Each structure stands twice: as C-alpha cells, then as structure tokens.
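Report on the structure given below.
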Amino acid sequence: MDDAAVIGAGPNGLAAAIALARAGASVVVVEARDEVGGGARTAELTLPGFAHDVCSACHPMGALSPWFRALPLAQHGLRWLHPTASVAHPLDSEPAVLLRRSLPETARGLGVDARAYERVFAPFLRDPHGLLADLLGPLRLPRHPLRLARFGLPGLLPATTALRARFRGRRARALLAGCAAHSILPLDRPLTAAVAMIFAVTGHVTDWPVAAGGSGAIARALASYLATLGGRVETGRRVRALRDVPPARVVLFDTSPAQLADVAGPVLPAGYVRRLRRYRYGPGVFKLDWALDGPIPWRDPACLDASTVHLGGTLEEIAAAEAAVWRGEHPGRPFAIVVQQSQLDPSRAPAGKHTGYAYCHVPAGSTVDLTAVLERQVERFAPGFRDRILARHVMRPADLEAGNPNYVGGAITGGVADLAQFFARPAARLDPYATPNPRVFICSASTPPGGGVHGMCGYHAASRALRDLDARARRAM
Ligand SMILES: Cc1cc2nc3c(=O)[nH]c(=O)nc-3n(C[C@H](O)[C@H](O)[C@H](O)COP(=O)(O)OP(=O)(O)OC[C@H]3O[C@@H](n4cnc5c(N)ncnc54)[C@H](O)[C@@H]3O)c2cc1C
C-alpha cells in the first residue's frame, strides 16, 4: 500500500504528489487521459507543425507561484518566455493600453489617471512576493496583515464601483476591467476589484510568460521531477468508483467536487456529499485556436508586444458582456482573451506562420457556435485578421468537459470564485482541503486559492494530508 494516491495529474495533482514525495511519502498518481497535464497540455489542434495550448496559455501565476518557484523545474525542461508587455488592451479609436512591468511606463499610457494608477499600485510592489504568498494561501492569519488589509478591503468592492471611484479616464478603467474579467463574474459583484488588482500586480512583477514549447512543458517538468522523487504516474486510468482508487493511506482528489461526491460518496457523510453537489461551477467558455498565415494584424501594432490581448473595449462594454453571460445570454461583442504564444516562441508554428488562441465566456453548457462572433471581435481591432486564418479548431463547453470532467459545463477555473465560494471551496469548513473522512482530501482548483496553473491548491492539500500521515505514523510507533 502506498502512503498516498492522487486522482488526476493536473498541475495541482502533480504539485500535491511532489509535496508528498519530497516529505518521504510513497505516492502514485492515476490520470484518466493518456498524458499528464490536465489544464496544462499542448497539441497540434489545427495543422501539422502548429502547437496549440489546449487549455491554459499564459502563466503569471505559474511563474510567481511560491511552490513552483521552490521546485527545480528549469532542470526538468521548463523555460518561461516573457513578452515586453503582459497585456494589450486595444480601444476603438485610440492607441491600445499596455500593461508593462514598469509602473511609471504603464501609468504614462493612462493619461489623466497616470498618478492615480501609480498611487494605487506602488504600495503593493514593495514586497509583491510576500503579498502573493498571502493571496495564494488558504484562509489563515496572514503574514503581513496590514498590507493584506490595504489590498483586501478595497478588493472586496465590485470592480465597477472601485474603478469608477479611483479612475476618471476610459483607459485605466478599461485595462483593469479586462483584468477583473478573469474572475468570470459580473463586474458589479464584490471581490472583482481584488481580481483586477491581483492580475495587474502580477504584470508589474513579471511579464506574463508562456512556456517554451507549450503549456504541456509545465506538466512534463512537474512529472519528470516527481519521478526523480520516486513518485509514479499511471495514465489511461479513469477513477469512476472507490474500487478504482489505488490502495493508499490517504487519497487526494484533483477533481471537481461532483466527482469527489461520485467516487468517494460511499465513505463520506451524506450531508457533506449534499454540500459537494450544491457546488456552483459558473459560466463556461467557447474557445478557438487558429493556424495563421502571419501575426495578427492589430490596428495598433504595439499589441504584438503583449502575450495576452484583452478584447472588449471599455469598462462599460466589458461589464455589460459579462453580466449578459450570467443572465444566460451570448453577448454580440463578448469579452475575449487572446494569447499570442508564437510571437514569443517560434517553435509553436512553421517558419513565418503563427498560432492564435482566443476564448470568451458563455453560459454554462452553451452549445452555440460563436466562431463568427469571436472572429468579428478580433477583426474589430485587427482588420484583415480573417484573411490570415489557415485553419481553425473549435471547442465548445461540452468539448472541454468531454476532455476533462473537471470542466463542468465548460467552466475552466474550478468553480465560481465569488465571496461565498472563494475561501469556502468546495464547502465551508475550517480546513477546505480535508473532508469529514480523515483519509480523503481534495486538492484541485475547486479549493483555495482557486483556478490557474500555480499548484498552490495541491501544495496546501498535500501539506494538510502530510500532517495526517505523520500523526498516524506516530500513533503506530
Ligand atoms: C480554455 C482554458 C484556458 C485557461 N487559461 C489559463 C491560463 O491562461 N492560465 C492559467 O493559469 N490557467 C488557465 N486555465 C485554468 C487552468 O488550466 C486550471 O485552473 C488548472 O489546470 C487547474 O488544475 P487542476 O490540477 O486543479 O485540474 P486540471 O488541470 O483540470 O487537472 C485534473 C486532471 O485530473 C484528471 N482527472 C479528472 N477526473 C479524473 C478521474 N475521475 N480519474 C482520473 N483522472 C481524472 C483530468 O484528466 C486532468 O488531467 C485555463 C483553463 C482552460 C480550460
């Protein structure tokens, strides 16, 4: 019997397995797919020679993750490629707004709000890694309570309220509305201001990178390091019931709460299972990948400096689009996230060609084909874009869920991260990673700190499981 079994080889499952193995535990990871990675995979989705990121593409949280930074992932092939701007936010009839590492340079691009922007962000850049360690941790006494309060109190506000109160001009409001929209919440909901601030802060600490060769390189590096610690990964093994779980002292689920309930339901109290079943996943995404004949022909060529381009126009337009999605509608001009990996990584496409990546939020389980709508939104800021398309690959919410049952209804970040579910995920408990069964833990993005390829959910869940393993080992002595 192993000390620990991990169900799922996503970034959090692998991060958890590494934490366990580094502490001396014997670990086996079982993965449904034929390859590791979950949300960090790369594949030729369109044409031969075009390497597309199937899910995650851009990795500020991966590069800044306290756990990933502690691991020798570079020795296992992970190389971050940094752009010269994290975000470009094109607007209809003026130059694009750029989020650059330099605070003064970014501020200069914001016109009337230059000083206000510097005033808001400068305090957080004195020890950003300390702040991120607090933000990426579970709910606990923060190491820097004053700084966290300075961040957290305004962060509790809705983005619409905070941005209108702090900034007068369209440019700062648009840039930060695009950052806030990563929350996949209506921007008039509490906590969306915090998401805007976190994403902007990361852009001033590191230029949002892509992984050389594709996001799959992150998972391969984690798996390769895990192997050196003696951890085993068994792919092609989907766990559907308890009998499929390898024998182990503790089991960590890198899965949705729904799957935890399906598989471990028989060994969990009915009340807890009911709470897992009430978990909310939120909107899905509609995603396009393109093989392109050249770079995206942005009206403002400065957009090519950025790894990520936020399409959606003004704060008002983005807020309206995200609110519509939550009403079950498909906005005609959706907020879209575009990533330009091949601008930084020529290995992604044949010489002179490029990959293109974009997605927008849609109502959960939507079956609507938004290809024309999404391409029109790119064309709006990059006239001539459609002429560059050599081939495209479409993923609707059902395709995402078929590829990974964690993406319930096409939701990509482990579930709604609103005030009720941000810390209390998957259920309100003092220790969100533990379940009422002392042998069963959950370590996926459906635990704090939530979605993204950063491995922190896995790290915290493993730390919790290790305390349990240690206690049992002491009792056995
Ligand atoms: C389209 C899209 C774009 C994204 N963009 C970004 C981005 O740019 N940057 C970023 O940081 N994050 C991004 N994300 C989010 C990020 O990918 C996820 O938050 C992250 O992968 C979560 O990691 P995880 O380990 O919790 O789960 P997952 O990555 O979902 O991994 C879970 C693994 O468990 C396996 N599994 C599930 N159920 C079972 C079972 N029953 N038995 C065996 N194996 C099982 C799955 O096959 C999968 O390999 C994106 C996600 C998507 C889908």
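Not measured: the values here are computed from a predicted model. As the structure lists them, so they are numbered: ligands from 1, and atoms in each ligand from 1.
Using a 4.0 Å cutoff on heavy atoms, P11 counts as a contact of ligand 1. Contact between P405 and ligand 1 is present, with at least one heavy atom of the residue lying under 4.0 Å from the ligand. Contact annotation: A40 has no heavy atom less than 4.0 Å from any atom of ligand 1. At least one heavy atom of Y357 sits less than 4.0 Å from an atom of ligand 1.
By the 3.5 Å distance cut-off applied to N or O atoms, G451 is not counted among the residues near ligand 1. Taking any N or O of V453, backbone or side chain, at least one lies under 3.5 Å from an N or O belonging to ligand 1. For the pair G403 and ligand 1, the shortest N or O to N or O distance does not fall below 3.5 Å. For ligand 1, none of its N or O atoms has an N or O atom of T255 under 3.5 Å away. At under 3.5 Å, not a single nitrogen or oxygen of H59, backbone or side chain, sits near a nitrogen or oxygen of ligand 1. Of the polar atoms of M61, none of the N or O atoms is found under 3.5 Å from an N or O of ligand 1, judged by distance alone. Looking at ligand 1, you'll find an N or O of Q259 within less than 3.5 Å of one of its N or O atoms. Ligand 1 has an N or O atom lying under 3.5 Å from an N or O atom of A57, backbone or side chain.
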Next item on the list: Begin with the C-alpha distance, continue with both residues' side-chain angles, and end with the deciding distance and a verdict on salt bridge (Lys or Arg N to Asp or Glu O under 4.0 Å) for D53 and R348.
Entry: CA-CA 10 Å; D53 290 325; R348 301 286 185 105; 3.1 Å; yes
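Residue K287 touches ligand 1 through its side chain alone, judged by heavy-atom distances below 4.0 Å. For N12, heavy-atom contacts with ligand 1 shorter than 4.0 Å involve the backbone as well as the side chain.
Looking at G452, G38, C55, G39, it is G452 that brings a heavy atom closest to atom 19 (O) of ligand 1.
Among all protein heavy atoms, the one lying closest to atom 53 (C) of ligand 1 is I412 CG2, 3.3 Å. For atom 27 (O) of ligand 1, the closest heavy atom belonging to the protein is D254 OD1, 3.5 Å. Looking only at heavy atoms of the protein, atom 35 (C) of ligand 1 is closest to E31 OE1, 3.2 Å. For atom 4 (C) of ligand 1, the nearest protein heavy atom (residue, atom name, distance) is S56 CA, 3.5 Å. Of all protein heavy atoms, the one lying nearest to atom 34 (O) of ligand 1 is G8 CA, 3.1 Å. Closest to atom 9 (N) of ligand 1, if we only count protein heavy atoms, is C58 O, 2.8 Å. Of all protein heavy atoms, the one lying nearest to atom 32 (C) of ligand 1 is N406 ND2, 3.3 Å. Among protein heavy atoms, atom 31 (O) of ligand 1 sits closest to G10 CA, 3.2 Å.
Ring centroids of F385 and W290 are separated by less than 6.0 Å, placing the two rings close together. Residues H59 and H82 keep their aromatic ring centres 6.0 Å or farther apart.
Between F381 and I296 the shortest side-chain heavy-atom distance does not fall below 4.5 Å. Counting heavy atoms from C-beta outward, C360 and V285 have side chains that stay 4.5 Å or more apart.
The contact set between ligand 1 and R33, taken as ligand atoms under 4.0 Å from a residue heavy atom, comprises 47 (O). Listed by number with element, the atoms of ligand 1 under 4.0 Å from a non-hydrogen atom of A32 are 43 (C), 44 (N), 45 (C). Using a 4.0 Å cut-off to heavy atoms of A445, the atoms of ligand 1 that qualify are 22 (C), 26 (O). The contact set between ligand 1 and R237, taken as ligand atoms under 4.0 Å from a residue heavy atom, comprises 43 (C). Atoms of ligand 1 found under 4.0 Å from any heavy atom of S444 (numbered from 1 in listed order, with element): 26 (O).
Only one option out of H310, H182, H204 pairs with F199 in a ring pair (Phe, Tyr, Trp, His ring centres under 6.0 Å); it is H182. The one candidate from T42, T355, T46 that meets the side chain to side chain donor-acceptor pair (under 3.5 Å) condition with H52 is T46.
Counted by atom type alone, N12 and S444 present zero donor-acceptor pairs between their side chains at under 3.5 Å.
Although no hydrogens or angles enter the test, the distance criterion places no donor-acceptor pair under 3.5 Å between the side chain of R333 and the main chain of R376.
A180 approaches V195 most closely through the heavy-atom pair O-CG1, 3.9 Å. Shown here for G13 and D254, the closest heavy-atom pair between the two residues is N-OD2, 3.0 Å.
Atom CZ of R429 is surrounded by more than 12 heavy atoms from other residues, nucleotides or ligands within 6.0 Å. The environment of CZ in R277 is crowded: more than 12 heavy-atom neighbours from other residues, nucleotides or ligands sit within 6.0 Å.
Ionic pairing of D289 and R392 is not present here: no N-O contact between side-chain nitrogen and carboxylate oxygen is shorter than 4.0 angstrom. Residues R249 and D468 are not paired through a salt bridge, judged by the lack of any N-O separation under 4.0 Å between the basic side chain and the carboxylate. Remark: E379 engages R386 in a salt bridge, criterion side-chain N to carboxylate O under 4.0 Å.
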